[in-house]
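Input: a single structure, listed below in structure tokens.
In the text below, chain A, chain B and the rest are named by the order of the sequence lines, each starting its count at 1. None of the values given here were measured: they were computed from a predicted structure.
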There are 2 protein chains.
Amino acid sequence: MLEYKDKHYYCPVELTMDLVGGKWKGVIIWYLKDSTMRYNELKKKITTISEKVLIKELRSLESDGIVSRKVYPEVPPKVEYSLTPYGKTLIPIFELISKWGNKHVELYGTLKE
Amino acid sequence: MLEYKDKHYYCPVELTMDLVGGKWKGVIIWYLKDSTMRYNELKKKITTISEKVLIKELRSLESDGIVSRKVYPEVPPKVEYSLTPYGKTLIPIFELISKWGNKHVELYGTLKE
DNA sequence: CGGTATCCATTCGGATACTG
DNA sequence: CAGTATCCGAATGGATACCG
């Protein structure tokens, strides 16, 4: 039995999926893979996510040490999100996931404009 | 823009996470990695999943060609679940995920009995 | 044994309005 | 710009009982 942040998991796959699984976290990590992004940039890229959910996912990733949030004390405000060095250890995983998804579309899906 | 089963995705990571992400699918795939399992075996292994959710996830994985369901016409009934050859192409991904989870526990979590 | 059906509480998630 | 606050319907998830 594994324990992290007062939650119990019986296998490491379950734990990882709890931290970076779900509908959006992988996509966020994927966008931050090679560049820092501002809040609004992410929002524009991931058009189908709501603001509420985006900020919730970012906070969650931040609290697990995967994403870092840097605030510039300017007006208008500027906040940049990026992967921490620890978050970057996830990149190989999402590289495989991305490749698998591409292949899946080739085999069973379609590409639209 | 990607399309699969009438759903739209704007990146392959999103698609893959939709198919095998979520709280339970990874764990199910992980258990089926090296052996066929009966419904009740899975239920006993993944103690914290409800029957309803387990069957829903299995059906979903089946409909995406990842898991196959074999019914033996016996009394009492016997149903075996296993990974299809296509489902096995996911194993390298979950191997990385499992390793990452183990490391995460070493660094930030604890191991209980 | 391998599921369904049902009920119900909780959470998720989208839309919109507002603020420092 | 980068969020918060609020409303509210939809979807999820657990527990239990029941069935072929």
Side-chain angles (χ1 to χ4, degrees), chain A residues 5-11 13-15 17-28 31-32 35-64 67-83, chain B residues 5-10 14-15 17-28 31-32 35-64 67-83:
Chain A
K5 282 190 175 177
D6 295 334
K7 290 174 88 175
H8 297 270
Y9 306 93
Y10 48 88
C11 97
V13 170
E14 188 193 12
L15 184 148
M17 295 309 282
D18 195 28
L19 295 197
V20 300
K23 193 173 175 184
W24 298 115
K25 286 178 178 173
V27 178
I28 294 171
Y31 275 120
L32 295 179
S35 66
T36 286
M37 290 181 85
R38 297 178 65 169
Y39 175 79
N40 257 351
E41 288 185 278
L42 279 169
K43 205 176 75 178
K44 274 172 202 157
K45 283 278 186 188
I46 314 175
T47 51
T48 47
I49 196 173
S50 76
E51 300 188 8
K52 193 175 69 175
V53 176
L54 176 56
I55 202 70
K56 200 195 62 181
E57 301 296 59
L58 285 169
R59 295 278 196 272
S60 168
L61 289 169
E62 193 190 353
S63 88
D64 290 322
V67 157
S68 87
R69 177 174 178 270
K70 186 171 182 185
V71 183
Y72 295 83
E74 303 174 358
V75 179
K78 179 176 169 183
V79 178
E80 282 184 347
Y81 292 94
S82 58
L83 287 189
Chain B
K5 282 191 176 177
D6 295 334
K7 291 175 88 173
H8 298 271
Y9 306 93
Y10 48 87
E14 189 193 11
L15 185 148
M17 295 309 282
D18 195 28
L19 295 198
V20 300
K23 193 174 176 184
W24 299 114
K25 285 178 179 172
V27 178
I28 294 171
Y31 274 120
L32 295 179
S35 65
T36 287
M37 289 182 85
R38 297 178 66 170
Y39 175 80
N40 257 352
E41 288 184 279
L42 279 169
K43 207 176 73 178
K44 274 172 202 157
K45 282 279 186 186
I46 314 175
T47 50
T48 47
I49 196 172
S50 75
E51 299 188 10
K52 192 178 70 176
V53 175
L54 176 56
I55 203 71
K56 200 195 65 184
E57 301 297 58
L58 285 169
R59 294 279 195 271
S60 169
L61 289 168
E62 194 189 350
S63 87
D64 290 322
V67 157
S68 87
R69 178 173 178 271
K70 186 170 181 186
V71 182
Y72 295 84
E74 304 174 355
V75 177
K78 178 176 169 186
V79 178
E80 282 184 347
Y81 292 93
S82 58
L83 287 188

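- Distance, Lys43(A) NZ to dG14(C) C1': 13 Å, rounded to whole Å.
- No more than 12 heavy atoms of other residues, nucleotides or ligands lie within 6.0 Å of NZ in Lys7(A), so this atom counts as exposed by the packing criterion.
- A heavy-atom distance below 4.5 Å is found between the side chains of Leu42(B) and Leu58(B).
- The side chain of Arg38(B) contributes no N or O atom lying less than 4.0 Å from OP1 or OP2 of dC1(C).
- For dG2(C), the base has no donor-acceptor partner in the side chain of Lys78(B) [N/O atoms by modelled type, under 3.5 angstrom].
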Could you run down the sub-3.5 Å N/O contacts of the protein with nucleotides 16-20 of chain C?
none

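- Between Tyr39(B) and Tyr81(B), the ring planes lie tilted relative to each other; the angle falls in the 30° to 60° range.
- Legend: residues meeting salt bridge (charged side-chain N to carboxylate O under 4.0 Å, His left out) with Lys70(B), ordered by chain and number and at least two apart, are absent.
- What separates NZ of Lys44(B) from C1' of dG2(C) is a distance of 12 Å, to the nearest Å.
- Toward the 5′ end of DNA chain C lies the nearest nucleotide of Pro76(B), the other residue of the pair Pro76(B) and Ser50(A) mapping further downstream.
- Residue Lys52(A) is in base contact, counting any heavy-atom pair closer than 4.0 Å across all strands shown.
- Residues passing the side-chain contact (heavy atoms from CB on, under 4.5 Å) test with Val75(B), sequence neighbours excluded: none.
- Side-chain contact between Leu83(B) and Leu61(B) is absent, with no heavy-atom pair separated by less than 4.5 Å.
- With hydrogens and angles disregarded, no donor-acceptor distance shorter than 3.5 Å links the side chain of Lys43(A) to the backbone of Glu51(A).
- From the 5' end on, the contacts that DNA chain D makes with chain A at under 4.0 Å to a non-hydrogen atom open and close at dC1(D) to dC7(D).
- A heavy atom closer than 4.0 Å to some atom of DNA chain D occurs in Val53(B), Lys56(B), these being the qualifying members of residues 53-62 of chain B.
- Glu41(B) places its CD atom 8 Å from the P atom of dG2(C), with the value rounded to the nearest Å.
- Contact check for Trp24(A) versus Thr48(A): side-chain heavy atoms found under the 4.5 Å cut-off.
- Residue Tyr81(B) is in sugar-phosphate contact alone, with no base atom involved, counting any heavy-atom pair closer than 4.0 Å across all strands shown.
- Sorted by first then second residue, the salt bridge (charged side-chain N to carboxylate O under 4.0 Å, His left out) pairs that include residues 52-63 of chain A, not counting sequence neighbours, number zero.
- Judged purely by atom type and a 3.5 angstrom limit, Glu41(A) has no side-chain atom pairing as donor or acceptor with the backbone of Met37(A).
- Annotation for Lys5(A): atom NZ counts as buried by contact number, over 12 foreign heavy atoms lying within 6.0 Å.
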